[in-house]
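Each remark here refers to the structure printed beneath this line.
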Amino acid sequence: MNDFRWAFLNKNENLLWKGISQKDRHESISEVEKVVNHHGFITDFHMFSDMEICLRIEVEEQKIKDLYADLRACITLNDFENFDSQSNKERTIFLNITFTTATGNLKIEVPSVPG
């Protein structure tokens, strides 16, 4: 492998986690949000119909291990190469969650406004 390319790949500061939820989408997102807010911050998200959501999470390196463990209590996560770090360096985690109860029709309820 090209040494320059390998050095570039090792500099990647982002982590990609894939999860599956068998719970209701709203319930699952609420649980994940509580866990993430305990350890870090959700800085962005994208919904893909009612089937999947992608969260961008900012967290200190020293909290990644605990975040992963707490998320596993809410959703099924892919394996993650565990590392122990005492660094407070900010890392970005992209968490993709697929909902098994999805129908493919994302419906957003809009309340009727008088007037």
Side-chain angles (χ1 to χ4, degrees):
M1 179 179 267
N2 186 327
D3 289 333
F4 295 111
R5 182 166 183 237
W6 181 248
F8 174 75
L9 290 173
N10 282 339
K11 288 288 192 180
N12 188 0
E13 301 295 321
N14 301 330
L15 300 172
L16 174 60
W17 293 350
K18 296 180 183 178
I20 298 173
S21 174
Q22 298 178 354
K23 299 177 186 173
D24 173 67
R25 174 173 52 99
H26 298 289
E27 178 185 345
S28 185
I29 291 172
S30 178
E31 288 178 7
V32 168
E33 181 182 17
K34 286 177 188 175
V35 169
V36 171
N37 287 338
H38 181 72
H39 298 284
F41 305 96
I42 297 174
T43 58
D44 195 14
F45 71 94
H46 295 281
M47 286 292 303
F48 301 100
S49 184
D50 68 337
M51 301 174 84
E52 188 170 281
I53 188 170
C54 179
L55 302 173
R56 180 178 178 179
I57 301 167
E58 299 288 331
V59 63
E60 293 179 3
E61 263 187 12
Q62 63 189 353
K63 297 181 179 181
I64 291 176
K65 182 179 176 181
D66 292 334
L67 172 63
Y68 181 79
D70 290 349
L71 282 173
R72 285 197 77 159
C74 302
I75 59 175
T76 304
L77 281 174
N78 64 323
D79 289 334
F80 165 63
E81 185 179 320
N82 202 356
F83 65 93
D84 287 320
S85 174
Q86 298 304 315
S87 172
N88 60 355
K89 178 181 173 182
E90 288 288 321
R91 296 288 297 263
T92 300
I93 300 171
F94 292 98
L95 173 59
N96 290 331
I97 304 171
T98 302
F99 304 102
T100 60
T101 59
T103 63
N105 274 337
L106 177 62
K107 293 184 181 180
I108 300 172
E109 299 295 326
V110 179
S112 60
V113 179

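FYI, the numbering just counts along the sequence from 1.
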Item to check | Intermediate values then yes/no, side chain to side chain donor-acceptor pair (under 3.5 Å), Asp70 and His38 | outcome: CA-CA 10 Å; Asp70 290 349; His38 181 72; 5.2 Å; no
Item to check | Donor + acceptor pair across side chains of Thr100, Gln22 (<3.5 Å) | outcome: no
Checklist entry - Step by step, would you call Ser85 with Gln62 a side chain to side chain donor-acceptor pair (under 3.5 Å)? => result CA-CA 5 Å; Ser85 174; Gln62 63 189 353; over 6 Å; no
Checklist entry - Gly19 and Leu77: which non-hydrogen atoms are nearest, and at how many Å? => result CA-CD2, 3.9 Å
Item to check | salt_bridge(Glu27, Arg25) N-O dist < 4.0 Å | outcome: no
Checklist entry - Do other residues, nucleotides or ligands put more than 12 heavy atoms under 6.0 Å from the CZ atom of Phe41? => result no
Next on the checklist: Test your reading of the model: is there a side-chain donor-acceptor pair from Ser28 to the backbone of Lys23, 3.5 Å cut-off?
Outcome noted: no
Checklist entry - Can Trp17 and Leu67 be said to form a side chain to side chain contact (heavy atoms under 4.5 Å, CB included), step by step? => result CA-CA 12 Å; Trp17 293 350; Leu67 172 63; 4.1 Å; yes
Checklist entry - Any chain of hydrophobic side-chain contacts (each under 4.5 Å) joining Met51 to Phe94? => result no
Next on the checklist: Just so I know, are the side chains of Ile29 and Phe99 near enough to count as touching, which here means a heavy-atom distance under 4.5 Å?
Outcome noted: yes
Item to check | Contact check, side chains of His39 and Asp66, non-hydrogen atoms, under 4.5 Å | outcome: yes
Item to check | Val32 and Leu95: CA distance, side-chain angles, deciding distance, side chain to side chain contact (heavy atoms under 4.5 Å, CB included) verdict | outcome: CA-CA 10 Å; Val32 168; Leu95 173 59; 4.1 Å; yes
Item to check | Separation between CD1 of Ile57 and CD of Glu90, rounded to the nearest 0.5 Å | outcome: 12.0 Å
Item to check | Flag side-chain contact, heavy atom, 4.5 Å: Thr76 against Ser21 | outcome: no
Next on the checklist: A side-chain contact here means heavy atoms from C-beta on lying under 4.5 Å apart; do Asn96 and Leu16 qualify?
Outcome noted: yes
Checklist entry - If you measure from CD1 on Ile53 to CD1 on Ile42, what distance do you get to the nearest 0.5 Å? => result 7.5 Å
Checklist outcome for this item: In this structure, CZ of Phe48 is separated from SG of Cys54 (nearest 0.5 Å) by 6.0 Å
Next on the checklist: Membership question, hydrophobic clusters at under 4.5 Å side-chain separation (ILVMFWY): are Met47 and Ile75 in the same one?
Outcome noted: yes
Checklist entry - Below 4.5 Å, heavy atoms only, C-beta onward: do Ile93 and Val59 meet side chain to side chain? => result yes
Checklist outcome for this item: Nearest heavy-atom contact between Glu60 and Asn88 is CG-O, 3.7 Å
Next on the checklist: Within the 4.5 Å heavy-atom criterion, are Leu15 and Ile64 side-chain neighbours or not?
Outcome noted: yes
Next on the checklist: Measuring only between side-chain heavy atoms, which start at C-beta, is Glu58 closer than 4.5 Å to Arg56?
Outcome noted: yes
Checklist entry - Given Arg91 and Asn14, is the side chain to side chain contact (heavy atoms under 4.5 Å, CB included) satisfied, shown in steps? => result CA-CA 6 Å; Arg91 296 288 297 263; Asn14 301 330; over 6 Å; no
